[in-house]
There are 2 protein chains.
Amino acid sequence: MTVTLADVAARARVSPATVSRVLNGNYPVAASTRDRVLRAVDDLDYVLNGPASSLAAATSDLVGILVNDIADPFFGIMAGAAQSEIGGPGDGSGRAGGEKLAVVCNTGGSPARELTYLTLLQRQRAAAVVLTGGALEDPVHQAAISAKLARLADAGTRIVFCGRPPLPGGGAVAASLAFDNRGGGRRLTEHLVSLGHRRIGYVAGPRERTTTRHRLEGHREAMRAAGLYGEGNGSTAHPDLERLTVHGPYDRRSGYEATLELLRRDPGVTAIVAANDTVALGAGAAVRGQGLRIPQDVSVAGFDDLPFSVDAVPALTTVRLPLFEAGARAGRLAMGKETPPPGGIATIAAELMVRDSTAPPRTG
Amino acid sequence: MTVTLADVAARARVSPATVSRVLNGNYPVAASTRDRVLRAVDDLDYVLNGPASSLAAATSDLVGILVNDIADPFFGIMAGAAQSEIGGPGDGSGRAGGEKLAVVCNTGGSPARELTYLTLLQRQRAAAVVLTGGALEDPVHQAAISAKLARLADAGTRIVFCGRPPLPGGGAVAASLAFDNRGGGRRLTEHLVSLGHRRIGYVAGPRERTTTRHRLEGHREAMRAAGLYGEGNGSTAHPDLERLTVHGPYDRRSGYEATLELLRRDPGVTAIVAANDTVALGAGAAVRGQGLRIPQDVSVAGFDDLPFSVDAVPALTTVRLPLFEAGARAGRLAMGKETPPPGGIATIAAELMVRDSTAPPRTG
DNA sequence: ACAGCCGTAGCAAGCGCTTTCTACAGGGCA
DNA sequence: TGCCCTGTAGAAAGCGCTTGCTACGGCTGT
């Protein structure tokens, strides 16, 4: 049926072993022999049998990239960047070595699917796995993930976190690139406070996610530092702070509805901070829907600085995360092309981008 | 080292064959035996060796989804929908059968990478491949793709096109879901014409792509039908039509720059039609940057109706493509869960969404 | 009561590669 | 001239699983 190594060997009048060695380039082969083999490969249009190869060599060239939501550019940008570092040398025809199959797997934010994908990847004996985005904080799930990653790791799979905080135990993970969500959140709210805002509504992401919590903690740090809403710490916030916080998924609809809710709870809010830019878009729509102007009546801010944010009207004040750079670095780490940061953990800075959607509150 | 089928067999006191049959559920096994085996699997935390399994069975559970730009929600939405249909029954723990590993591969629009991924998938003996989005029209590349797909197909891989026109020859492809880009483009321009616009700038996508061409052809059909810019057909358009068309990649920057160019070439344009919503965002920014108001001075329209379009200010008039539905259907087709449309080709309707970014031109 | 089945389980032969070990031809050196 | 080393190629033993075929016990049918 399909062409096998043996067929190529026969045509090139060498042994299968030699063909294998030519293809893998990991053993000296005389130039004339190599040419003969390569010609035979071309003539027969031979394609290596991946499973057989992986079985015999006990390794595969699959690299998995797990994302929470593939339709969200936040993940798309990171995944694309990672993939570009993994997918072999440039986009050349290169039948050369390092060719890996970088694939992205969409968990939809579901812990069960995350685990399923990890198992599938383990089954394929993946060479590396990159986990992107915030993690669920449920201890049961976290333990399951840890265990799974440990097994993957000692089967030789390299594990990299990208935009995801390190595991409590550390353990199996080769490298963690974590965004400074807390710092970014803090600086964003500081900016608002410094403009004169006091009543700031916060549209948070889904509960129990590290990203959500860190950004929210940064926000509250800034609020408290400004002497607003007294003491209290992460878990026990001042009641007014709780009242001005609404949780929801990371999508525009959630931003829209949460903002309406916020405006209802306290018609006096002068600023809305959203969990991310997509949510901020929905928030902005809700604000305008109430007949309020941005930023004159209500300031709106996002997080991530996705490409569309600069084109929003008015241009969105947000926190820039170097998604592309982080994804690319994660890809290199996964390939072993870059040495991990000291301690295996790197924190990636988040930069405040002040644009036109925030301004001082209306006096009076 | 790692646990093998034989280990499980030993622990369950059965033969490896029996374990395999329990796991695959394709052969009668006594209930008591099955239980024993499953317990052993759990006890040992056994995970099937995918490559070995694929080798022996001559099939794999990999399904590849090729996209042009993973950071673009246009593709993300389709890919996510397809993946959700492929990834097994719900997100359940399901160690059940149909579990496939749906993976998305980002070609970045590069023909070479597209081919590379196809080869990699062929190497893995993928169960199915879904190709999404417009295709390059270069005959050489098209022939290469056709040949590759033919080989994949007769190695048993199911091929599905989603949002991509059928191959000239038809051939290997099991099913093609094609968007009615031409019709959508036509209706969009008809809408503008009916509002009274005559000088309409067109920011087209990259050359030599089916999507670009079809949308542009639809636009020109409408222009000619309105008696504007005389005759001429697809390839030989009226010079003025050419002058009001600028090509560029599918990103906001391209939209921005192309629009500036269009405004320079003819300061009298009263409407800008963009290749897609992302480009339209950039176009809108350029229009405003020139001190012009949307839609009072210049109308702007997009294509795709991505989620953010409704939140643009003003809300974007565009053409809605049912990306999620199409992706899901493609996923089902790839899994063989749905019978292909007659002739293997289905055209998916595109619906005009009139919103606030288009209005009659200023009289005088 | 015996032949024949049906329901289960095991045997063993691969699937198409990789890789260790062995073989062999030249060439350099003493 | 003879020996050993280097460079190159082949033989063959798996890698861990699937599956066609065989085996065997107990039931059914007559």
Side-chain angles (χ1 to χ4, degrees), chain A residues 1-38 40-41 44-62 97 99 120 122-127 155-156, chain B residues 1-38 40-41 44-62 97 99 120 122-127 155-156:
Chain A
M1 256 300 289
T2 57
V3 183
T4 73
L5 233 211
D7 300 329
V8 176
R11 182 167 236 270
R13 327 206 98 252
V14 296
S15 71
T18 300
V19 177
S20 170
R21 300 204 259 243
V22 168
L23 260 21
N24 290 301
N26 53 9
Y27 194 87
V29 172
S32 63
T33 312
R34 186 202 328 287
D35 289 351
R36 208 144 27 93
V37 169
L38 290 180
V41 166
L44 298 178
D45 224 345
Y46 171 69
V47 173
L48 191 67
N49 182 317
S53 169
S54 297
L55 172 57
T59 64
S60 93
D61 51 5
L62 242 199
E99 287 291 318
L120 252 17
Q122 177 182 7
R123 180 178 294 187
Q124 301 300 330
R125 306 300 189 250
Chain B
M1 256 300 287
T2 59
V3 184
T4 73
L5 233 212
D7 300 328
V8 175
R11 182 168 236 270
R13 328 206 98 250
V14 296
S15 71
T18 301
V19 177
S20 169
R21 301 205 256 243
V22 168
L23 261 21
N24 290 301
N26 53 8
Y27 194 87
V29 172
S32 64
T33 312
R34 185 204 328 287
D35 289 351
R36 210 146 23 94
V37 169
L38 289 179
V41 166
L44 298 178
D45 224 344
Y46 171 69
V47 173
L48 191 67
N49 182 317
S53 170
S54 297
L55 172 56
T59 63
S60 94
D61 52 5
L62 242 200
E99 287 291 318
L120 251 17
Q122 178 183 7
R123 179 177 294 186
Q124 301 298 331
R125 306 301 189 246

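To find a chain, count down the sequence lines: A is the first, B the second, and so on, and within it residues start at 1. What you see below is based on every heavy atom in this structure, not just the backbone, and it leaves out hydrogens, waters and symmetry mates.
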Which residues in residues 52-61 of chain B have a heavy atom closer than 4.0 Å to any atom of DNA chain C? B/L55, B/A56
Scan residues 4-17 of chain A against DNA chain C and write down, sorted by residue number, each residue with any heavy atom closer than 4.0 Å; if none is found, say none. A/T4, A/L5, A/A17
Given the options A/L23, A/L48, A/V14, A/V3, A/V8 meets side chain to side chain contact (heavy atoms under 4.5 Å, CB included) only with A/V3
Rounded (10°) bend between the five-pair end axes of the helix from C/dA1-D/dT30 to C/dA30-D/dT1: 40°
Rounded off to whole Å, could you give me the CG-to-C1' distance for the A/L23 and D/dA9 pair? 16 Å
For chain A and DNA chain C, what are the first and last nucleotides along the strand, 5' to 3', with at least one atom under 4.0 angstrom from a heavy atom of the protein chain? C/dG16 to C/dT20
Is it the case that the side chain of B/R125 and the backbone of B/Q122 share a donor-acceptor pair, with hydrogens and angles ignored and the cut-off at 3.5 Å? yes
By side-chain hydrogen bond (donor to acceptor under 3.5 Å, both in side chains), B/N49 pairs with (sequence neighbours left out) none
What pair of heavy atoms forms the shortest contact from B/R123 to A/D61, and how long is it? NH1-OD2, 3.9 Å
List for me each residue that meets side chain to side chain contact (heavy atoms under 4.5 Å, CB included) alongside B/R11, sequence neighbours excluded, and say none if there are none. B/A40, B/D43, B/L44
Using residues 51-59 of chain A as the side-chain source, report each donor-acceptor pair under 3.5 Å to any protein atom, sequence neighbours left out, with the distance given to one decimal.
unit_1: A/S54; atom_1: OG; unit_2: A/G50; atom_2: O; d: 3.1
unit_1: A/S54; atom_1: OG; unit_2: A/T59; atom_2: O; d: 3.3

For residues 27-36 of chain B, tabulate all N or O donor-acceptor pairs below 3.5 Å that involve a side-chain atom, not counting sequence neighbours.
unit_1: B/R34; atom_1: NH2; unit_2: B/V29; atom_2: O; d: 3.4
unit_1: B/R36; atom_1: NH1; unit_2: B/A12; atom_2: O; d: 2.6

Among residues at least two apart in sequence or on other chains, which ones pass side-chain hydrogen bond (donor to acceptor under 3.5 Å, both in side chains) with A/S15? A/T18
Run the side-chain hydrogen bond (donor to acceptor under 3.5 Å, both in side chains) test against B/N26 and tell me which residues pass, sequence neighbours left out. none
A/Y27 vs B/T18, nearer the 5' end of DNA chain D by closest nucleotide: A/Y27
